[in-house]
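Here is the structure we will look at, set down as structure tokens.
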Amino acid sequence: MNVLGIETSCDETGVALYDPARGLLAERLYSQVRLHADYGGVVPELASRDHIRRLLPLTREACTEAGLALRDLDAVAYTEGPGLAGALLVGASIGRALAYALGVPAIGIHHLEGHLLSPLLGESRPQFPFIALLVSGGHTQLMRVGAVGDYELLGDTLDDAAGEAFDKTAQLLGLGYPGGPALAALAEQGTPGRLSLPRPMLAQLEKTGDLDFSFSGLKTAVLTLSRQAPLDAQRRADLAAEFEAAVVEVLTAKCLAALGQTGLSQLVVAGGVGANRRLRATLTAAVAKRGGEVFFPPPALCTDNGAMIAHAGALRLAAGTTAPSGLGFGVRPRWALDALSRPVLADA
Ligand code: KG4
Ligand code: ZN
């Protein structure tokens, strides 16, 4: 079954062809980072227009690489939400029109479900049930995943998402957009602990087992420290290192607690911040110490991409989720992942 996956929820146009029997057949990704860099963040209207320019040429390229013609497609999966409304509409309208013309099903996918299931595209794969840590620019959530479509929210951020905290702190340190990878690179030149930042919500975890997160105070604490003394190169790097260490320590403690509270042993990490090297190393060591295992998507599939959407679409269709027919469609810019919770498949 050849599934075309389309991702246009934010500033990346992603396209991929996936066949459950043969795996990933071809993938194309166009990042709009340079388009938005001058503005310090994503400009929604520019994002939508660029998705329109890129989507069909990328789809043609992916089909050529996979040796497939459009008529060889068996289904089209596209990101239905959450994300920027205009950007989502580009993928949804092109995906549904293409499927309608080809007479194949078109299925709208939840962007976070795409991230969540993407470790199943890796070489070593988790088995249901598992705990998932979703850490992206817009979300920081801990989920208990029982099956495809069975998602129980255990913890959420009360304010900024982890990726958002990375991006805003990077901006405070003058690193520009996108900040996460730049801040992580700067952190490698510094030493955590030389400056001291709080570990938000760790006290609540110890007292009540609370699995929620809060990262906005961390950004304010960085601002305060950055004003206390001249920010020379070493102090900037130390501040970046301490910030990264604080985020990683909180995420790690909450993941361990989620595993402990549910009695599960497998942890899946998904979303852009999952590319962070310190997070990967710390989580892997901490979970191994208690006899569990951590699964990350292949690094290239941590940030937004079409492969995770094609893959989630294939799993959904295999599980019997029906794709609406006809040309009418909508997108869901705001869409809670646990609203999807309806067990449809025990194992993938
Ligand atoms: O999942 P994603 O590509 O897009 C969303 O759906 O949000 O995640 C993007 C987020 C951004 O906030 C970016 O700064 C962050 O992931 N990010 C990182 C790293 N790479 C990407 N944060 C920390 N360390 C990284 N290496
Ligand atoms: Zn994402």
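Counting starts at 1 for both ligands and their atoms, following the listed order.
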Between [X] and [Y], is there a donor-acceptor pair closer than 3.5 Å when you use the side chain of the first and the backbone of the second?
X	Y	value
Arg316	Ile107	no
Asp238	Arg194	no
Thr140	Ser136	no

Contacting atoms of ligand 1, where contact means under 4.0 angstrom from a heavy atom of [X]:
X	result
Gly163	12 (O)
Gly138	7 (O)
Thr303	3 (O)
Gly137	5 (C), 7 (O), 8 (O), 9 (C), 10 (C), 12 (O)

Quick check for you: with the Zn ion (ligand 2) as the vertex, what angle do NE2 of His115 and NE2 of His111 span, to 10°? 90°

Ionic contact status for [Y] with [X], cut-off 4.0 Å:
X	Y	value
Glu164	Lys219	no
Arg53	Asp50	yes
Glu242	Arg199	yes
Arg278	Glu188	no

Looking at atom 12 (O) of ligand 1, what's its closest protein heavy atom, distance included? Asp167 OD2, 2.7 Å

List the closest protein heavy-atom neighbour of atom 2 (P) of ligand 1: residue, atom name, distance to the nearest 0.1 Å. Asp304 OD1, 3.4 Å

Apply side-chain contact (heavy atoms from CB on, under 4.5 Å) to the pair Ser265 and Leu259, showing each step before the final yes or no. CA-CA 6 Å; Ser265 62; Leu259 291 170; 5.8 Å; no

Would one find an N or O of Gly180, backbone or side chain, under 3.5 Å from an N or O of ligand 1? yes

If you measure every N/O of Gly272 against every N/O of ligand 1, is any gap under 3.5 Å? yes

CD on Gln261 to CG on Leu142, rounded to 0.5 Å: 9.5 Å

One residue to check: [X]. Relative to ligand 1, which of side chain, backbone, both or neither has a non-hydrogen atom less than 4.0 Å away?
X	answer
His115	side chain
His111	side chain
Asn276	both

Closest Asp304 atom to the Zn ion (ligand 2) [N, O or S only]: OD1

